[in-house]
Amino acid sequence: MPVPSLTVLRTYALKANPSELPSSVLFSHTETSLTIFDAFPKAIFHFLVLPRVIPPATASELSSLRSLLKVEKERARGIVETLGKDAEQVRGMVEEEMVKRYGFKWDIWVGFHSVPSMEHLHLHVISSDLVSPRLKNKKHYNSFHPKLGFFLHLKDVLSWFDSDPSYYAMMSGLKKDQYEPLLKESLVCWECDKPFKNIPALKTHLQEKWDGRVEREKKRLDKKRTRVRELEEADESSSEPLNKRVDTRDTS
DNA sequence: GTTCTAGAAC
DNA sequence: GTTCTAGAAC
C-alpha cells in the first residue's frame with residue numbers, strides 16, 4: 001500500500017463538494033476541476049489543477065497522464081483540453097495577483113511532470129521565478145526546467161493529439177526510462193544556460209535574477225509615475241482641454 | 001511527495 | 001572542519 005500522502009490528491013478530486021476543503025488547500029474550483037495550493041511550492045506561485053472524477057471517467061483512468069492517454073483518444077483529448085481551459089483561468093487569476101502584489105507579471109508555466117510522484121492527474125501552474133525555500137535539490141529544479149524535457153508543457157501534450165498516430169503512440173507511453181534520467185542532468189539556468197556546481201549556487205543565481213527583476217520593475221513604475229505627474233502639472237498651467245494634450249497610456 | 005542522515009565532496 | 005548530495009524510510 002502506498003504512503004497515504006501520495007494519494008491525497010485523489011481524495012480531493014473525489015469530493016462531491018470541493019468547497020468543503022480547507023481554504024488553506026483549495027484555491028478555486030469549477031464543474032470539471034479543482035485547483036489547490038501546492039503544499040510545497042517550488043516558486044512564488046505554484047498551483048495544481050486536478051480533474052474531478054466525473055463519469056464516465058474513473059479515478060483509475062485519471063490516476064496519471066499515462067493512464068489517461070490509454071483511454072480512447074478523443075475522450076482523453078477532451079479531458080486534457082477541459083483541464084487546460086480551467087488552468088488558463090487560473091493563470092489569469094495568478095497574473096492578476098502578480099500585478100496586485102508586485103506591480104508586474106512574469107511567465108507562468110502550465111504543464112505535467114512526465115513521471116509524477118503523486119497519484120491523480122495534476123497540471124502544474126507555476127511561476128517562472130523558481131524562487132522558493134521548498135526548492136531544495138536537483139530533482140526539484142530539473143523537474144520544472146522548461147527546456148529539459150521532463151516538464152511537459154500543456155501545449156505540447158495537446159499537440160500530440162494532432163500528430164501522426166505513431167508519434168502519439170510513442171509519446172503517450174510516457175516511459176519512465178526515457179524521462180527519469182533527465183532529473184539527474186547537470187544544473188543549468190533555464191534562462192541564461194549558465195552552469196552551476198550545486199543547488200545552493202543555482203538558488204543564489206535565481207534569487208539574484210529575481211531581485212534584479214523586482215528592482216528594474218520598481219524603477220520602471222517610478223519613471224511612469226513621474227511622467228504622468230509631469231503631464232498633469234503641464235495641464236494645470238494650460239488652457240487647452242485635457243484630452244487634446246496628454247496621452248498617459250502606458251506603452252511600456 | 002518529504003524527512004533524515006551517512007558519507008562524499010570540498 | 002563544513003557543505004552538500006543522494007538513498008532509505010515514511
Side-chain angles (χ1 to χ4, degrees), chain A residues 1-15 18 21-29 33-53 59-68 83 87 90 94 108-146 148-154 157 174-190 194-209:
Chain A
M1 171 132 131
V3 176
S5 65
L6 302 184
T7 58
V8 68
L9 300 185
R10 176 177 296 143
T11 69
Y12 297 158
L14 284 165
K15 281 264 179 195
L21 289 168
S23 60
S24 57
V25 171
L26 186 70
F27 175 66
S28 66
H29 73 281
S33 73
L34 52 152
T35 298
I36 62 169
F37 295 93
D38 191 294
F40 298 89
K42 304 305 189 294
I44 294 173
F45 295 97
H46 188 183
F47 300 88
L48 304 179
V49 188
L50 322 179
R52 296 173 67 178
V53 181
S60 164
E61 288 171 351
L62 295 173
S63 177
S64 66
L65 185 59
R66 187 163 179 269
S67 61
L68 177 59
L83 194 63
V90 173
V94 173
I108 295 168
W109 300 323
V110 176
F112 302 98
H113 278 162
S114 47
V115 183
S117 303
M118 284 192 293
E119 287 191 50
H120 199 78
L121 184 63
H122 50 286
L123 186 54
H124 292 270
V125 174
I126 183 168
S127 56
S128 58
D129 50 273
L130 299 183
V131 167
S132 166
R134 304 294 203 171
L135 197 162
K136 295 179 174 178
N137 58 44
K138 179 182 271 189
K139 183 175 170 179
H140 291 157
Y141 178 76
N142 280 344
S143 75
F144 289 105
H145 189 303
L148 192 61
F150 186 89
F151 185 82
L152 304 174
H153 296 272
L154 173 65
V157 173
L174 288 166
K175 293 296 180 200
K176 274 193 187 184
D177 294 357
Q178 183 186 337
Y179 292 100
E180 269 179 342
L182 297 171
L183 297 173
K184 300 195 185 284
E185 292 270 298
S186 60
L187 294 168
V188 176
C189 174
W190 65 270
K194 193 174 171 205
F196 292 88
K197 288 200 191 328
N198 55 44
I199 276 286
L202 172 61
K203 283 177 66 75
T204 299
H205 175 75
L206 294 172
Q207 184 72 56
E208 284 169 356
K209 284 206 162 200

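Chain letters run A, B, ... following the sequence lines, proteins first, then strands; residues in each count from 1. Computed from a predicted model, the values in this text were never measured in an experiment.
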>> Run the ring pair (Phe, Tyr, Trp, His ring centres under 6.0 Å) test on A:His140 and A:Phe40 for me, step by step, so that the C-alpha distance in whole Å, both residues' side-chain angles and the decisive distance to 0.1 Å come before the verdict.
In response: CA-CA 10 Å; A:His140 291 157; A:Phe40 298 89; 8.9 Å; no

>> Show, in sequence, the C-alpha distance, side-chain angles and deciding distance for A:Tyr12 and A:His122, and conclude whether the ring pair (Phe, Tyr, Trp, His ring centres under 6.0 Å) test is met.
In response: CA-CA 11 Å; A:Tyr12 297 158; A:His122 50 286; over 10 Å; no

>> Can you build the contact string for nucleotides 3-10 of chain B? Use B for base contact, S for sugar-phosphate-only contact, and - for no protein heavy atom under 4.0 Å.
In response: S-------

>> Whether the side chain of A:Asn142 engages the backbone of A:Leu148 through a donor-acceptor N/O pair (distance < 3.5 Å, no angle test) should be reported.
In response: no

> Less than 4.5 Å apart, any side-chain heavy atom of A:His113 and any of A:Phe151?
Replying inline: yes

> Roughly, in whole Å, what's the span from CE in A:Met118 to C1' in B:dT2?
Replying inline: 11 Å

>> Any base atoms under 4.0 Å from A:Pro200, or only sugar-phosphate, or nothing? Heavy atoms, all strands.
In response: sugar-phosphate

> Do A:Phe47 and A:Thr35 have side chains that get closer than 4.5 Å, going by heavy atoms?
Replying inline: yes

